[in-house]
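Notes follow the structure.
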Amino acid sequence: AQSVSQHNHHVILSEAASLELGCNYSYGGTVNLFWYVQYPGQHLQLLLKYFSGDPLVKGIKGFEAEFIKSKFSFNLRKPSVQWSDTAEYFCAVNARNTDKLIFGTGTRLQVFP
Amino acid sequence: GAGVSQSPSNKVTEKGKDVELRCDPISGHTALYWYRQSLGQGLEFLIYFQGNSAPDKSGLPSDRFSAERTGGSVSTLTIQRTQQEDSAVYLCASSIVAARGGKQETQYFGPGTRLLVL
C-alpha cells in the first residue's frame with residue numbers, strides 16, 4: 001500500500017531562515033506528487049505539483065520541491081521564509097493508476113519575525 | 001460556485017446520534033472526495049465519486065459511514081451511531097475529473113466541517 005512520511009512534525013524558524021521539509025513515499029511505480037498548504041483559518045490549497053519532466057518544480061510564493069526518484073523523496077524548500085509562511089504543509093502522492101491522493105500527516109511550520 | 005462549500009461548519013453531537021455533513025463542489029467538477037482530518041493524523045481518504053461511476057468506498061472506516069452524491073453535484077456524508085473517535089474535521093474536495101492522461105487533477109478543498117462527538 002502507498003504511504004507518505006513527513007518526518008518533521010513541527011518546525012520553528014526565524015524569518016529569512018532557509019526551509020526544507022522532508023517527504024518520502026512508498027510506492028514502486030510512477031507517481032504524481034503534491035504539496036498542499038493550509039494557512040491558519042483557511043482552506044487547504046495547492047502549493048505545487050510534479051507529474052513529469054524537470055524534477056525541480058517551482059510553486060507559488062517562492063516554494064520549490066525536488067523529486068528524487070532514487071530516494072522516493074519530494075522535499076519542499078524555500079530559501080528565505082517569511083512570517084506569512086506560518087502554516088501546515090501536507091505532502092501527497094497519487095499512483096498513476098489510481099485516483100486517490102495519499103496524504104502525509106503534515107508539518108506545522110511556525111515562522112517568528 | 002466560487003469554491004467548494006461545506007455545511008455545517010461545526011457540529012456537536014451526542015454519542016449514538018446520526019449526523020449528516022454536506023458538500024457543494026465547484027460547479028462543473030465531476031470528481032468529489034471526502035477526507036477526514038484527525039489531530040496529528042493527516043488527511044485520511046474516505047470516499048470518492050467520479051461522474052456516474054460507482055464510488056470508491058475503500059477508505060470508509062466502518063459501515064456506520066456512508067455517502068451519496070445526488071445528480072452528480074451535492075454530496076452528503078452520513079455517520080450513523082456516532083462514536084467519540086469520529087470527532088475530526090471532515091473535508092470535501094472536488095476536481096474537474098479525477099485523472100486525465102495519468103495526471104491527477106488538482107483537488108480544491110472546502111473549509112471542512114468540525115465534528116465533535118460528546
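Letters A, B, ... mirror the listed sequences (proteins, then strands); counts begin at 1.
Rounding to the nearest 0.5 Å gives a distance of 11.0 Å between CZ of B:R22 and SG of B:C92.
Considering only heavy atoms from C-beta on, B:P61 comes within 4.5 Å of B:L46 through its side chain.
When ring centroids are compared, A:F67 and A:Y50 come within the 6.0 Å threshold.
Proximity to chain B (any heavy atom under 4.5 Å) is shown, for A:L44, by both the backbone and the side chain. There is no contact between A:Q6 and chain B, counting heavy-atom distances below 4.5 Å. At a 4.5 Å heavy-atom cutoff, B:E44 makes no contact with chain A through either its backbone or its side chain.
In terms of heavy-atom pairs under 4.5 angstrom with chain A, the leader among B:Y35, B:Y108, B:F109 is B:F109.
Cation-pi check for A:K49 over A:F34 is not met; the charged atom does not lie both under 6.0 angstrom from the ring centroid and within 45 degrees of its normal.
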